[in-house]
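Numbering of ligands and ligand atoms starts at 1, following listing order. These numbers come from a predicted model, not from an experiment.
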Amino acid sequence: MARERPVFIPELVYFEPDALNYPKGQKIYEWAERQGLPIHMTTSHNRITNLPGESDLEKYRIAKKTLVVGIRKTLKFDQSKPSAEYALPIATGCMAHCHYCYLQTTLGAKPYVRIYVNIDEILEQARQYIEERSPEITRFEAACTSDPVGLEHIGGSLKECIEFMGQQPLGRLRFVTKFHHVEPLLDAKHNKHTRIRFSVNANYVIKQFEPGTSNFYERIAAAQKVASAGYPLGFIIAPIIWHDGWEDGYAELITNLKEALPQEAAADLTFELIQHRFTKTAKNVIRQRYPKTKLEMDEEKRKYKWGRWGQGKYVYADEQAQVLKAFITEQINEHFPDARIEYFT
Ligand code: SF4
């Protein structure tokens, strides 16, 4: 049997000085001390330029194991379409190594993991956004720039966000994860205002492209636990990748989900479907960081989709995207007739 994915323990920890003025900063400091981790102070995360490592690749790998504890200064939240109105910024960066991850490019040369300690200010800002949109519901996505479940044992921020949203009649929280470390969230007073989604995929995709994450069965066992704790549950199938045997792979995925999930979990279940996409910049970065990757990124085979911020993405050609969408939708409808497919993009 495969070894259980352990929780993330960084190899280096940096603190921005003001972080220690916050209870969460103190708490993380004490945690790092108990773990016996090397702790450094830095005036700003931008100043961390001397990470060990001979080559760029080595520096990248060490940065992924480096935790920076700081303050979120920008309290203007980004949009998070189509899954929510706003991104809730509680952490940035991720210790896993998914080849296709868009953080490869959005975080550029700073791929270390950052946890923000001024959670009260962040949640106060969320409260203002909720008020502005009243009487509409406002949804916040907490996993736009990180995988916060994988960091919960260090910062505990997700549980605070869940309990905060539980008290907001018009606020909803959602996040997605590839980690199974959900124990700290199970007793949170969520009031069903938080939807926890697990990122799942065909076996081939998980095996080839998602090193450093919890395996499929760990994720499903965690999904069962959060469903039993009364959370609304969801699955994000992303990135959907066209590969040899993809039909069998995705059919098997849906069958496995069906077999593993208790009946009550299927009562309020959502699916989100996201096809693989890449930018030219991402392709170059991925090739450097994962030189042996089997990720197909051939512009000739793809459709170019213009992006809002100038740089467009390569997605599957319309016919291919339609075939993927139709097949997976049919599988979901057959096995989970009551589930809601929120979007395919
Ligand atoms: Fe990126 Fe998510 Fe993989 Fe982390 S788990 S590397 S955030 S895709």
* Structure fact -> In this structure, atom 8 (S) of ligand 1 is nearest to the protein heavy atom Lys178 NZ, 3.4 Å
* Asked: Any N/O/S atom, backbone or side chain, of Cys101 lying under 2.8 Å from atom 1 (Fe) of ligand 1?
  -> yes
* Ionic contact status for Glu85 with Arg139, cut-off 4.0 Å -> yes
* Between Arg174 and Glu272, does at least one N-O distance fall below 4.0 Å, as a salt bridge requires? -> yes
* **Parallel, tilted or perpendicular: rings of His97 and Tyr60 (30°, 60°)** => perpendicular
* For ligand 1, does Leu103 get within less than 4.0 Å through its side chain, its backbone, both, or neither, judged by non-hydrogen atoms? -> side chain
* To which of Ala91, Pro239, Ser214, Cys98 does the heavy atom nearest atom 3 (Fe) of ligand 1 belong? -> Cys98
* Structure fact -> Taking only non-hydrogen atoms of Cys94 and a 4.0 Å limit, the atoms of ligand 1 in range are 4 (Fe), 5 (S), 6 (S), 7 (S)
* To do: Answer yes when Glu342 and Arg340 have at least one side-chain N-carboxylate O distance shorter than 4.0 Å, and no when they do not.
  => yes
* For residues Leu37 and Leu12, determine if any side-chain heavy atom of one lies less than 4.5 Å from a side-chain heavy atom of the other. => no
